[in-house]
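Step one of this worksheet: look at the structure below.
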Amino acid sequence: MEFWEVARRAEVGPMMKESDFDMKISMTAMELAKEHDIVYDPSVYVSSDDSMADDVWQAGLELLLRCGVYNVSNKRVITFAEDEVKNALRHVVAEFEIGKGKDRIKIRSRKVEDRTKPTIFSGAFGVETTLDMFVPFNQAFVQEPLIDVLFHGGHIQSIDGITTIRANSAFEVIAARIYAELMNQALILGGRPFMPIVWGVAAGVSSLNELGADSIMPRNPEDILRAVMFLPELKLDDVLLSKTAHFMNYGYPLYAGTTPVIGGYAGDANTAAIVAVAEQIATNLVFGALVNHIGPQHMRYRSQTNPASLWMNSVMGQAVARNSNLITTTSVTTAGRPGSMQMHLEGAAMAISSVVSGRNLLGPRPAQPLYPNHHNPLHSRLFAEVAHAATKLKREEANEIVAKLVLTYKDTLDFDKSPKGKPFEQSYDVKTLKPTEENLNLYREAKAKLIDLGLELEI
Amino acid sequence: MSMSKEEILKELREGVLNYDEERVKRAAKKALEDGIDPYVAITEGLTPAIREIGEKFERMEIFLPQLTIAAKAMEAGVAVLEPSLDKAQGQKVKQGKVVIGTVQGDIHSIGKNIVATMLKAAGFEVIDLGVDVAVDKFIEAAERSNADIIAASALMSFTKVMQRDLVEYMKSVGTRDKYKLMVGGGPVNEEWAREIGADGYAEDAIKAVKVAKELVEKKL
């Protein structure tokens, strides 16, 4: 389906109260879970149940057909017919190339227990970054060879005496311009000027800030994925639609996603899996996205490595991988913060669960950073190594390993209990961009633990 | 059918716990017909049930849809019983008025909706302004409704700064001491609330109700 047709339906679809739409999603997902007998089993972290995966796919498809997608700006519902959805799914792009030179890569749709390596998207997304550390901090991520696609950089929050840049203010646009300039420097200094990148939410939240950085991007639009995100659940607004129109007008490929919230309107893990499937189909249908993303969010934990998110992600992932050729990613936000063993182990658990369930990966990143520059790329390195090693696992083996990993962190998932970690400046020598001995030892120790649990990692 | 007072109170509780709005309404009407003190029907029938629902939500044994439906059932019961309360009882049942919204530039609604639902269920009158709410709109709504509390939610670091602007705006138009101000949201913490001079902060909806009750008591 063409985007223009979606945009047209957003103008003329049936009207509805937003709160009624929210509850319709909830109630329909519950009905479908009952109809298809989809039940959450808290003792399982990585499902091996093909039949449940197919039921969740069918339920997700039905949810999208029954509810559609809601435009909160004009209170209209964008509806789809079954043949339109099926036709769109028949024509999805299952692989594409992006980037230039040695950094040109192929990003693929993956299947359950796929032996091919997943694409690793990583960066300091969501982490406040100081101007003085911006280039070395992001360069350190660029220099990690196992990161295939840089996923944003850390964002600039303070500039010229403004301690917190306000959304839609002039400083947001100025910071976006600086972000683009410095990000290019980080890419060049890191030796990967044409590394593929997901670009967006550069220095704020408004659309203007993204447009403000457009002309400084030195590359062809087709080498930069632009990010668009649904609001949970299955909602968008005029700003998102107009942003999408702009990106399409200028030939950018799209990275579209959403974060279904377990405990929110998506309900329990079983209904959230159904909602997530509907959303995964919709990211492709509405935005024509090449990469379709899900962040398995949880209302209570506000991070994504808890048992319910792990189960939901594995079931949803397998549903999508078994029934479509969509190129997908799962994001990994952790309660443990950078510079902690817990963050390494949480990242590993979700990486393993996702890889055997047919996903590519985005992350890891702290769900609640405590300091500016609060990330370090050794977490991305081990995360990528684990993801590659997980391609040798069967789902049952993955479940056993993940169960042992969850035991190590399940009691410290609340932010007030999870380890605080350290900022970049205390984890790396910021001049040489080499990790400190303490940081390296932590990485080695985490790797040794994972090898003990049965992962085939190189020492 | 004749029912004892205990049976009617149980029916009110069960109605909320089973998300059955019609059952709650029926039980509330029956309570009035049988001469049960409406204050007792609310405080011993409905309130313990919604508290239990809140606790189940906090433990994630139930989820936002169930919480919303149970709160609606509770509200329906209160609507039946409330007109029969005497003035003193009415004042005791009513916790206060809260104007709530997500700050300007921010379109996240789920967290704010949960807090609004829990406040309503706890007996607060809630005026929900939705998302992307400018500082003057909070004050206008508070003035119009003679609110006790203004509650501002922000889900992003780029928008939490609007909570600080709200404090400054309240000071500049001379309304800072008139209303208690609560803040919340993902990037917000106790320290930020103190720094900007808010009166209360809560990290989740259950605590938000507790903080709102404390603030109303302080105001009186």
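Letters A, B, ... are given to chains in the order of the sequence lines, protein chains preceding strands, and every chain is numbered from 1. What you see below is based on every heavy atom in this structure, not just the backbone, and it leaves out hydrogens, waters and symmetry mates.
Note that CD of A/Gln297 is 9.5 Å distant from CD1 of B/Ile110, once rounded to the nearest 0.5 Å. Atom CG of residue A/Asp237 and atom CG of residue B/Asp132 lie 9.5 Å apart, to the nearest 0.5 angstrom.
In terms of heavy-atom pairs under 4.5 Å with chain A, the best-connected choice from B/Asn189, B/Val131, B/Val161 is B/Val161. Considering only heavy-atom pairs separated by less than 4.5 Å from chain B, the leading option among A/Gln368, A/Glu18, A/Arg300, A/Met27 is A/Arg300. Interface check for chain B: of the options A/Ala367, A/Gly264, A/Gly126, A/Ser26, the most heavy-atom pairs under 4.5 Å are formed by A/Gly264.
The number of heavy-atom neighbours closer than 6.0 Å to CG of A/Asp416, taken from other residues, nucleotides and ligands shown, is above 12.
Residue contact with chain A, scored on non-hydrogen atoms closer than 4.5 Å, is absent for B/Asp106. A/Pro369 does not touch chain B: none of its heavy atoms, backbone or side chain, sits under 4.5 Å away.
A search for salt bridge (charged side-chain N to carboxylate O under 4.0 Å, His left out) contacts involving B/Glu191 returns nothing, not counting sequence neighbours.
Nearest heavy-atom pair, B/Phe158 versus A/Ile156, reported as atom, atom and distance to 0.1 Å: CE2-O, 3.8 Å.
At a threshold of 4.5 Å between non-hydrogen side-chain atoms, the residues A/Val72 and B/Ile107 do not count as touching. Between B/Glu203 and A/Phe415 there is no side-chain heavy-atom pair separated by less than 4.5 Å.
Proximity to chain A at a heavy-atom threshold of 4.5 Å picks out B/Phe57, B/Glu58, B/Met60, B/Phe63, B/Leu64, B/Pro65, B/Gln66, B/Thr68, B/Ile69 from residues 42-78 of chain B, in numerical order.
A side chain to side chain contact (heavy atoms under 4.5 Å, CB included) with A/Arg166 is found for one member of B/Lys160, B/Arg164, B/Met162 and no other, namely B/Met162.
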